[in-house]
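The block underneath contains the structure these notes are about, expressed in structure tokens.
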2 protein chains.
Amino acid sequence: MSRRVTAKMIADELGVSVMTVSRALNNRPNVDEKTRELIVNMAQKLGYIPNHVAKSLVLKKTHTIGVVVPEISISFFPDVIKAIEETAYGAGYQIILTHSSESMERETYAIQTLASKRVDGMLLCTAADVKSYEFYKQIIRSGLPVVFYDRCAFGVGASCVRINDEQSAETITNHLIKHGYKKIAHLASLNSLSVGQSRFTGFKKAMQESHLPLIDDLIVEAGFDEAGGYKAMLQILNYSREEYPNAVMTVNDPVAFGAMQAILERGLRVPEDIAIVGIVDDIRAELMPSPLTTIRQPAHDLGVRALQKLLAHIENKNEPVEDIVIDTEIVIRESCGCFNRGKKIDGAS
Amino acid sequence: MSRRVTAKMIADELGVSVMTVSRALNNRPNVDEKTRELIVNMAQKLGYIPNHVAKSLVLKKTHTIGVVVPEISISFFPDVIKAIEETAYGAGYQIILTHSSESMERETYAIQTLASKRVDGMLLCTAADVKSYEFYKQIIRSGLPVVFYDRCAFGVGASCVRINDEQSAETITNHLIKHGYKKIAHLASLNSLSVGQSRFTGFKKAMQESHLPLIDDLIVEAGFDEAGGYKAMLQILNYSREEYPNAVMTVNDPVAFGAMQAILERGLRVPEDIAIVGIVDDIRAELMPSPLTTIRQPAHDLGVRALQKLLAHIENKNEPVEDIVIDTEIVIRESCGCFNRGKKIDGAS
DNA sequence: CATTAGAATGTTAACGTTAACACAAGTATA
DNA sequence: TATACTTGTGTTAACGTTAACATTCTAATG
């Protein structure tokens, strides 16, 4: 911020009051057309750029919303952010993007700063190591509109827009079951995040409904990335061969990539020896040695819906708190065993 | 922004002046320890969150910087943004992220709004369809610190942090030449962006220095994405077979992906029939049917350097305008012909 | 004991804008 | 012609904070 042209300078230059300048530049009624023209021209000539900071102070409205992302490099998030930004743009808002790096401390700091900058609302996505929701409650109680997206904190009084995680996990697990696989492993992510929990629940549900056993040794914590998937799969592959699963359902695609690598390095084939499926439809899924069958998450749609709900909360104090669940779609490729060298080999849908 | 706790409320509650509250909360000297404690406790109790908007107005400093990204879904940018955000966080700044979708109109609007919100500085990356630099000049003249990253506008008086595009293109072209390929095509991007121009220049330089001919028909505009690469390659493959190139050097990885697809669909082999190389090292490069030889762009480093330079301009009015060029590194995989089924088959470095 | 330096606190104005009201001059209504 | 609206404009105060200066009080100095 430097020595800038102000409305006062325009006013002085023309011998009118600042208020008239304000009115003219904001297209308010009750300004003589001639005066308005003079003012607009002078503003142009002096290179006037209205000071939004002062405006925000008076109007108590910044037209800025805060967005917290846990990890931008997870391929799903750039699409969500893009959708958020574009929807915000359409509604006359800009976004302050902050990155928590999955750390609760960073997230808390970000939220605090955003609140301090008086954003009109916030879009939050819980960091992986968040343990307590107290801070969320505090912020929400203060009246700042908050909507969670993708990873939600329930019971804190904020709306939530998310993928149908449980249903997705159930669908893809059922797909494996229809193939006839009976010993199905789950590479899970059972930290505090609702996402991992829900997917595990969906997995269990599918298994139980088909009366298949949940084998403790075949449910392994894998985190959220390739390395975790690789390590978890290795653990399973260290069991005796009779204990190997026929198929693996993973909490997300990167974990599936790591697992697939581990399987192939052991000289086993995917899907012939062990089938594998993920959730996300990462950009790399179809490029895998055995293209990955997975669940497509409508990232764009999620971003749009989350921002729309936030705007609704901002514009209407009585907007009801909602849990919005977005449906997903299964993407069938080869890693589940549906195709063999490009040919469909069985009727599983 | 809602009915919020202000410093005045704390002051009234305690019977002191607002100024004392301000001093206490900002850890200024000349406040009695007892008073400070009382104030801090009261602030805590009332849930006081300082109003950064008012502070910005007085101090003429928002601790916010504006970032314009042309297209977040290009895999390179999320890493750049992450680096920018983290570096900004370390320096006590937040970023307003705006997306131009490669449109000059959107970019201009974004810059205008950012200036209006009085960001302390801006990081710009020219949209593909920018034709005139007049607006950049105007903004820079107004005193707002600006640094360009990746795609630069030269001659407008702003610093620039970019990849060594020309050198990168030359290096990878020379790599093909060392393999003995003589008929080398270039899938180019010759719109207004400096990036495409520079890479073409590097390509030409390498060819000329090795006294290889530049064949007009083998230099085809391809834009920046898979579809463009596919289409451009198809055009070349429609020539008679004698005219086919031995190798293709593309302006970036996505274009190479599209081109590879076109080649393979024609029943030709990569690299045996036509070798191919890219620039970027997209996350998918190593997963291609023939893993792509390419140039790694240090996205993280670029983001960090760009933000650091911007901060230097913000903090020091006399910081010299610089053109900072970051070196790249060649990543050799199979699509250039260096390996055959995982074995190195020739000495080209 | 008067003087003075320093510490703690208060007062005023400013940052750039807009809302709310006030006012003057012109126009329509009774 | 007097009265009431309408139109264009100005004035004052407010938004929440901090800088700069002013004041009060305390404790140390000679």
Side-chain angles (χ1 to χ4, degrees), chain A residues 1-40 42-43 46-64 113 115-120 142-143, chain B residues 1-40 42-43 46-64 113 115-120 142-143:
Chain A
M1 266 159 105
S2 52
R3 63 275 111 68
R4 267 283 171 54
V5 182
T6 68
K8 179 138 199 324
M9 294 183 192
I10 301 177
D12 289 350
E13 205 73 23
L14 260 45
V16 299
S17 75
V18 205
M19 203 53 226
T20 304
V21 173
S22 171
R23 277 191 276 251
L25 262 20
N26 290 290
N27 290 311
R28 287 291 165 67
N30 299 337
V31 182
D32 190 83
E33 258 327 304
K34 265 188 197 143
T35 319
R36 166 167 287 144
E37 205 172 311
L38 279 172
I39 291 172
V40 170
M42 183 56 72
L46 298 181
Y48 173 70
I49 298 178
N51 187 329
H52 198 95
V53 175
K55 201 165 173 166
S56 296
L57 185 60
V58 176
L59 301 181
K60 296 174 178 304
K61 173 105 190 157
T62 55
H63 281 278
T64 304
T113 313
S116 185
K117 290 194 176 166
R118 294 297 188 265
V119 292
D120 295 333
S142 86
Chain B
M1 264 160 105
S2 53
R3 64 274 112 68
R4 266 286 171 51
V5 182
T6 69
K8 179 138 197 324
M9 294 184 191
I10 300 178
D12 289 350
E13 205 73 24
L14 262 43
V16 299
S17 74
V18 205
M19 201 55 225
T20 303
V21 173
S22 170
R23 276 191 276 250
L25 262 19
N26 289 290
N27 289 310
R28 288 289 165 67
N30 297 338
V31 181
D32 190 84
E33 257 328 303
K34 265 188 197 142
T35 318
R36 165 166 287 142
E37 205 171 309
L38 279 171
I39 292 173
V40 170
M42 183 58 71
L46 298 180
Y48 174 70
I49 298 178
N51 187 328
H52 198 94
V53 175
K55 200 164 173 167
S56 296
L57 185 59
V58 176
L59 301 180
K60 296 173 177 307
K61 173 106 190 157
T62 55
H63 282 279
T64 304
T113 313
S116 186
K117 290 195 176 166
R118 295 297 190 266
V119 291
D120 295 331
S142 86

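Side chains are part of it too, since the values below use all heavy atoms of this structure and drop only hydrogens, waters and symmetry mates. The sequence lines fix the lettering, A, B, ..., with proteins before strands; numbering per chain opens at 1.
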**Study point:** Taking every non-hydrogen atom, the tightest pair across A:Met42 and A:Leu14
**Key:** CE-CD1, 3.2 Å
Check your understanding: Rounded to whole angstroms, how far apart are CG on A:Leu14 and C1' on D:dG8?
Key -> 15 Å
Check your understanding: Without hydrogens or angle criteria, can the side chains of B:Thr64 and A:Lys117 be said to hold a donor-acceptor pair below 3.5 Å?
Key -> yes
Check your understanding: Per the end-axis method with five pairs at each terminus, what is the bend angle of the helix from C:dC1-D:dG30 to C:dA30-D:dT1, to 10°?
Key -> 50°
Practice item. Find the distance A:Asn26:CG to D:dG8:P and express it as a whole number of Å. Key: 17 Å
Review point. According to a strict under-4.0 Å criterion, is B:Asn51 in side-chain N/O contact with OP1 or OP2 of D:dC15?
Key: no
Check your understanding: Whole-Å distance between D:dG16 C1' and B:Leu46 CG?
Key -> 16 Å
Study note, to complete from the structure: Closest non-hydrogen atoms of B:Lys55 and B:Asn26, given as atom of the first, atom of the second and distance, are NZ-OD1, 3.4 Å
Exercise for review: Nearest whole angstrom, please: distance from the P of D:dG8 to the CD1 of A:Ile39.
Suggested key: 12 Å
Review point. Distance check: side-chain N/O of B:Lys60 vs OP1/OP2 of C:dG16, anything under 4.0 Å?
Key: yes
**Study point:** Distance-only donor-acceptor check, side chains B:Ser142 and A:Arg4, under 3.5 Å
**Key:** yes
**Study point:** d(NZ, B:Lys61; C1', D:dT18) in whole Å
**Key:** 16 Å
Point to revise | Rounded interatomic separation in angstrom, taking CG from B:Leu59 and C1' from D:dG16 | key: 12 Å
**Study point:** SB check B:Glu33 B:Arg36 (cutoff 4.0 Å)
**Key:** yes
Study note, to complete from the structure: Residues B:Leu46 and B:Val5: closest non-hydrogen pair is O-CG2, 3.1 Å
Revision key, fill the gap. note: A:Leu57, atom CG; C:dT18, atom P; distance rounded to Å ~ 12 Å
Review point. Closer than 4.0 Å, any side-chain N/O of B:Thr6 to the OP1 or OP2 of D:dG16?
Key: no
Check your understanding: Within less than 4.0 Å of OP1 or OP2 of C:dG16, is there a side-chain N or O belonging to A:Tyr48?
Key -> no
Practice item. Kindly say if A:Arg28 contacts the phosphate of C:dA19, meaning a side-chain N or O under 4.0 Å from OP1 or OP2. Key: yes
Practice item. Mind running side chain to side chain contact (heavy atoms under 4.5 Å, CB included) on A:Leu57 and B:Asn51 for me, showing each step along the way? Key: CA-CA 9 Å; A:Leu57 185 60; B:Asn51 187 328; 4.2 Å; yes
Point to revise | Under 3.5 Å donor-acceptor, A:Ser56 side chain and A:His52 backbone | key: yes
Atom pairs under 3.5 Å: protein N/O with N/O of nucleotides 9-12 of chain C:
| residue | atom | partner | partner atom | Å |
| --- | --- | --- | --- | --- |
| C:dT9 | OP1 | B:Thr35 | OG1 | 2.9 |
| C:dT9 | OP2 | B:Asp32 | N | 3.0 |
| C:dT9 | OP2 | B:Thr35 | OG1 | 3.2 |
| C:dG10 | OP2 | B:Ser17 | N | 2.7 |
| C:dG10 | OP2 | B:Ser17 | OG | 3.1 |
| C:dG10 | OP2 | B:Thr20 | OG1 | 2.9 |
| C:dG10 | N7 | B:Arg23 | NH2 | 2.8 |
| C:dG10 | O6 | B:Arg23 | NH1 | 3.4 |
| C:dG10 | O6 | B:Arg23 | NH2 | 3.4 |

Exercise for review: State, without any angle test, whether A:Ser116 and A:Thr113 hold a side-chain donor-acceptor pair at a distance under 3.5 Å.
Suggested key: no
Revision key, fill the gap. B:Leu25 atom CG is separated from D:dT17 atom C1', nearest whole Å, by 12 Å
